[in-house]
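Throughout, protein chains are lettered first and strands after them, A, B, ... in sequence-line order, and every chain is numbered starting at 1. The structure presented is a predicted model; accordingly, all values stated were derived computationally and were not measured.
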2 protein chains.
Amino acid sequence: MAKTLIFGHKSPDTDTICSALVYADLKKELGTDAEPMRLGPVNKETQYALDHFGVEAPAYMEKVDKDVDDVILVDHNEFQQSVDNINDVRISEVIDHHRISNFETKEPLYFRVEPVGCTATILNKMHKENGVVVSRKNAGLLLSAIMSDSLLLQSPTCTQVDVDAAHELADIAGVDLETYGLEMLKAGADVSDKSAHDLITSDAKEFAMGDAQVQIAQVNTIEPGEIYKDQTAIEEEMKQVINDKNLDLFLFVATGILSNDSDVLALGSAKSNVENAFDVTLDADNRAILKGVVSRKKQIVTKLTETFTSSRSA
Amino acid sequence: MAKTLIFGHKSPDTDTICSALVYADLKKELGTDAEPMRLGPVNKETQYALDHFGVEAPAYMEKVDKDVDDVILVDHNEFQQSVDNINDVRISEVIDHHRISNFETKEPLYFRVEPVGCTATILNKMHKENGVVVSRKNAGLLLSAIMSDSLLLQSPTCTQVDVDAAHELADIAGVDLETYGLEMLKAGADVSDKSAHDLITSDAKEFAMGDAQVQIAQVNTIEPGEIYKDQTAIEEEMKQVINDKNLDLFLFVATGILSNDSDVLALGSAKSNVENAFDVTLDADNRAILKGVVSRKKQIVTKLTETFTSSRSA
């Protein structure tokens, strides 16, 4: 077992997997005995990226072993999105691009969060700062992460730094940015064989908003409405999770990667917060279209959090 | 009023004041309309540094005005150490070297915490990253912050990065590092004219440890025992704060800058936690000598926090 483990969030996406892999390589290059890990299954989009560049997925881990010296979190900082026994291990570093919440350490650490579209963009910078050249396969992984998190550089979370990094990395990786990115997203957007359970768990994150517990699951697809063919099955899976985790709200977000709109389904006692946050009315099926909303982080979490905390800060 | 305000913690020390001043200059150089502020009086040590390099202290601020766009926190991240209305303002950046606790934002930000001895050390690095040369006076301020936080590079919080930065900055500032540092510390260690109220408030920080509220005040001096000439007056001031803030523990730490030991006074219902944390027995006057303890952050907060949270992580 390595002394330092590097991993991203539960329900791993392409940024989480690729950033863990690439940062482990960088740490090794700099003399740290580091190993990438994952906290859940590899999704189809990520698998496409791994296959394309001939890289194996990190090993799966349920808990951090006792003989591990320290861990590095990439692409997340909120403890409820991390490994279950995160409170028992020493966190030596965090590299992330999300809001900061529910994070605490006893000791100082290296904590680096930047308001860019993707953790991979920060890692690209860190290679330069340390004078380490990004290999062709690692450039491919970092590029995949950026194209995924930014939905082909179209998401409002995407900054000029991400765009510049993507072009740089595409050159090193030897792929056409647009063509490769679209093929990768399409591979991930194929939900035809996904069960209702898969749909609501494959990219789900839990958030503490004020006193409320909120889970938001997102699926990118070509035709969002198609996802709801069997809405009853999806609802039953969601209700199960609401009960198990005592959630106030479970928001399922089906995002059209070509239309850039989201078709959402809201369940739980706080579902009206979705209406307030986005100025929409949920229909009889508890669904609504959020026009132009593609980013969970920048467009959904921010606005929803306000509806749960606005009385506090007023 | 500037659009971006930069400030350190309440009960400002030399790192907090100097880092706010220097980072405001760097941000201006990089095109941001930034202004340094302070949340409390300038102590004697800091005033010595400001006078030596001919710099004016930042303006005092009780609350952040409504017309301010955003704020940057330096040298702290815990909200209870920050400005009272911190929940009402947008935090765009944090540059710090402390543990992370009780910090939360709705949106992603630039958050940079590194496990070095001083915020000024990170700012020295950031000048290089941005290709900005540190001016002579700013080098003097950054050097002062490092010599202060590291107690002349002797504190266990001091890293090789701090030592290297201090030597670099002393060259630019044109001062002898040891001579200047000792004179500055001595100026701050003169407590002869300080009232009991001054002693317990001039460098006080509040911490949430588990469910407990703990305040730790520190005074650096030549002869720690001398501070307690009128211990009754100090105790009365401390009890007042314990009542006002409903504290579980108030620890007053008198640190000898030459001896590198601390003579502490503990009051509050949780005072026995100090005995457990440092394996000492408080005498009849509620005092104990902590041998070799000079760093609140690395030697006191860490150990005390464990005694308040150990049942939780077990």
Looking at [X], I want to see if its [atom1] is surrounded by more than 12 non-hydrogen atoms of other residues, nucleotides or ligands under 6.0 Å.
{"X": "B:E62", "atom1": "CD", "answer": "no"}
{"X": "A:Q213", "atom1": "CD", "answer": "yes"}
{"X": "B:Q80", "atom1": "CD", "answer": "yes"}
{"X": "B:D279", "atom1": "CG", "answer": "no"}

Roughly how far apart are [X] [atom1] and [Y] [atom2], rounded to 0.5 Å?
{"X": "B:K106", "Y": "A:R99", "atom1": "NZ", "atom2": "CZ", "value": "10.0 Å"}
{"X": "B:E107", "Y": "A:H98", "atom1": "CD", "atom2": "NE2", "value": "13.5 Å"}
{"X": "A:I100", "Y": "B:N77", "atom1": "CD1", "atom2": "CG", "value": "8.0 Å"}
{"X": "B:N102", "Y": "A:N102", "atom1": "CG", "atom2": "CG", "value": "11.5 Å"}

For this session: Before giving the answer on side-chain hydrogen bond (donor to acceptor under 3.5 Å, both in side chains), spell out for B:E104 and A:S101 the whole-Å C-alpha distance, their side-chain angles and the decisive distance to 0.1 Å.
Result: CA-CA 5 Å; B:E104 181 169 299; A:S101 181; 3.1 Å; yes

Exercise. What about B:F111 and A:F111, are their ring centers closer than 6.0 Å?
Worked result: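 Yes, the ring of B:F111 comes within the 6.0 Å limit of the ring of A:F111, centre to centre.
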
Exercise. Quick one: what part of B:T305 sits under 4.5 Å from any heavy atom of chain A, side chain, backbone, both or neither?
Worked result: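 Only the side chain of B:T305 comes within 4.5 Å of chain A.
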
Exercise. Which region of B:K298, side chain (C-beta onward) or backbone (N, CA, C, O), has a non-hydrogen atom less than 4.5 Å from a non-hydrogen atom of chain A, or is it both or neither?
Worked result: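 Neither the backbone nor the side chain of B:K298 comes within 4.5 Å of chain A.
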
For this session: Indicate the atoms forming the closest heavy-atom contact of B:H97 with A:P108, along with that distance.
Result: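 Heavy atoms of B:H97 and A:P108 come nearest at O-CB, 3.6 Å.
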
